[in-house]
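Keep in mind the model is a prediction, meaning the values are calculated, not measured.
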Amino acid sequence: MRDTKEYILIKAFRLFITKSYREVTLRDIVQSTGLSKGAFYHYFASKEQVYEQVVHYFYNHIMITDYSGFPTGSFRDFYRHYLDKLGEPSELDDLKAESNLFLFIAESSRRVESFAEIHAAQRQVELSSWARAISAAKERGEIVSEIPDRQLAEMFLYISDGSTLTALVKYPDRQTLETMKTAWDNLFSLISARGCETSS
């Protein structure tokens with residue numbers, strides 16, 4: 001069972017991801033929780049305070065990927081496992097059709113003073129995890145490339161960002177994931193030992 005503060009943040013996030021910041025009132029948030037005003041105000045005093053905490057929660061609990069259980073024997077297995085994780089059911093599935101992740105992130109960048117730091121910290125975790133997987137693949141001889149590990153990691157993640165943005169999908173759907181898989185497979189074939197052998 002989640003604690004009350006987390007429960008409030010999840011309810012507020014569901015509102016902010018489907019409506020703009022201006023459209024959501026503090027009253028809407030309180031009503032969505034089903035809490036009394038007194039119970040709610042014990043945790044938050046304003047919509048601004050709720051919103052900033054929602055952004056922190058989003059990056060620390062929803063955007064972040066736990067890489068601890070990812071396959072380590074093959075980089076292809078690593079990135080395909082990532083796609084599988086993106087395709088897993090989520091408690092936000094019912095919002096996919098009406099949510100707008102990009103609007104939420106754009107508004108967050110303007111309204112939350114620490115947004116750049118929050119976003120950069122999450123991105124650093126992603127890039128470091130991918131760079132380690134690429135480094136291990138190079139050591140195994142699976143990847144043959146002089147491009148630095150971190151730059152290759154950025155290439156894979158920028159493909160992910162671009163595929164999602166191009167499709168204008170709020171959370172990755174099957175078509176977006178297939179587009180990402182095809183693009184990642186193509187990039188992998190360019191840097192893999194097998195791909196290099198084929199092209200030479």
Trace of the salt bridge (charged side-chain N to carboxylate O under 4.0 Å, His left out) decision for Lys181 with Asp185: CA-CA 6 Å; Lys181 177 181 174 295; Asp185 283 345; 3.1 Å; yes
Worked verdict on Leu35 versus Thr4 for side chain to side chain contact (heavy atoms under 4.5 Å, CB included): CA-CA 9 Å; Leu35 298 171; Thr4 304; 3.8 Å; yes
Candidate pair Ser189 and Asn186, rule side-chain hydrogen bond (donor to acceptor under 3.5 Å, both in side chains), full reasoning: CA-CA 5 Å; Ser189 72; Asn186 289 338; 4.9 Å; no
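Phe188 has its side chain out of reach of Leu152: every pair of non-hydrogen atoms, C-beta onward, lies at least 4.5 Å apart. In this structure, Val55 and Phe13 have side chains that are not in contact, with every pair of non-hydrogen atoms separated by 4.5 Å or more. Inter-residue side-chain proximity for Ile29 and Phe16 is flagged as met; some heavy-atom pair is nearer than 4.5 Å. You'll find the side chain of Ile191 stays beyond 4.5 Å of the side chain of Val144, heavy atoms only. The closest side-chain heavy-atom distance from Ser32 to Leu15 is below 4.5 Å. Phe115 has its side chain within reach of Ile105: a pair of non-hydrogen atoms, C-beta onward, lies under 4.5 Å apart. Contact check for Glu154 versus Trp130: no side-chain heavy atoms found under the 4.5 Å cut-off. Between Tyr43 and Val50, every side-chain heavy-atom pair lies at or beyond the 4.5 Å cut-off.
Formation of a donor-acceptor pair under 3.5 Å by the Gln49 side chain with backbone atoms of Ala45 is found in this model. At distances below 3.5 Å, not a single donor-acceptor pair connects side-chain atoms of Arg150 with backbone N or O atoms of Ser128. A donor-acceptor pair under 3.5 Å is formed between the side chain of Ser108 and the backbone N or O of Phe104. Side chain of Trp184 to main chain of Phe156: a donor-acceptor pair is present (N/O by atom type, distance under 3.5 Å, no hydrogens or angles). Distance alone, capped at 3.5 Å, is enough to place a donor-acceptor pair between the Glu107 side chain and the Tyr21 backbone. Formation of a donor-acceptor pair under 3.5 Å by the Ser114 side chain with backbone atoms of Glu117 is not found in this model. When atom types are taken as modelled, the side chain of Lys47 and the backbone of Val24 share a donor-acceptor pair closer than 3.5 angstrom. For Tyr57 (side chain) and Glu6 (main-chain N/O), no donor-acceptor pair under 3.5 Å exists by modelled atom type. Looking at Ser145, its side chain does come within 3.5 Å of a backbone N or O of Ile147 through a donor-acceptor pair.
Linking ILVMFWY side-chain heavy atoms closer than 4.5 Å, directly or via other members, places Tyr41 and Tyr51 in a single hydrophobic cluster. Using a 4.5 Å cut-off between side-chain heavy atoms of Ile, Leu, Val, Met, Phe, Trp and Tyr, with links allowed through other members, Tyr82 and Val125 fall into different hydrophobic clusters. No path of Ile, Leu, Val, Met, Phe, Trp and Tyr side chains, each step under 4.5 Å between heavy atoms, connects Leu103 with Tyr59, placing them in separate hydrophobic clusters.
With rounding to the nearest 0.5 Å, the separation of CG in Asp77 from OG1 in Thr72 is 9.5 Å. The CD atom of Gln31 sits 8.5 Å away from atom NZ of Lys37, with the distance rounded to the nearest 0.5 Å. With rounding to the nearest 0.5 angstrom, the CD1 atom of Ile62 is 8.0 Å from the CD1 atom of Ile17. With rounding to the nearest 0.5 angstrom, the CD1 atom of Ile118 is 7.5 Å from the CG atom of Asn60. Put simply, CZ on Phe40 and NZ on Lys5 are 11.0 Å apart, with the number rounded to the nearest 0.5 Å. Of the inter-residue distances, the one linking Leu9 atom CG with Glu52 atom CD reads 11.5 Å to the nearest 0.5 angstrom.
For CD of Gln124, the number of neighbouring non-hydrogen atoms (other residues, nucleotides, ligands) closer than 6.0 Å is greater than 12.
Heavy atoms only, all atoms of each residue included: Ile159 and Ala183 are closest at CG2-CB, 3.5 Å. Looking at every heavy atom in both residues, Ser74 comes nearest to Glu142 through OG-OE2, 3.2 Å. Taking every heavy atom of both residues into account, Ser109 and Ala106 meet most closely at OG-O, 2.6 Å. Heavy atoms only, all atoms of each residue included: Met180 and Ser160 are closest at CE-OG, 3.4 Å. Residues Tyr7 and Thr33 come closest through the heavy atom pair OH-O, 3.0 Å. Contact between Ala193 and Gly141 at its shortest, heavy atoms only, is CB-O, 3.1 Å.
A donor atom on one side chain and an acceptor atom on the other are not found under 3.5 Å apart for Thr182 and Glu178.
Classified by interplanar angle (parallel below 30°, tilted 30° to 60°, perpendicular above 60°), the ring pair Phe70/Tyr67 is tilted.
Salt bridge present: Asp161 and Arg123 bring a charged side-chain N and a carboxylate O closer than 4.0 Å.
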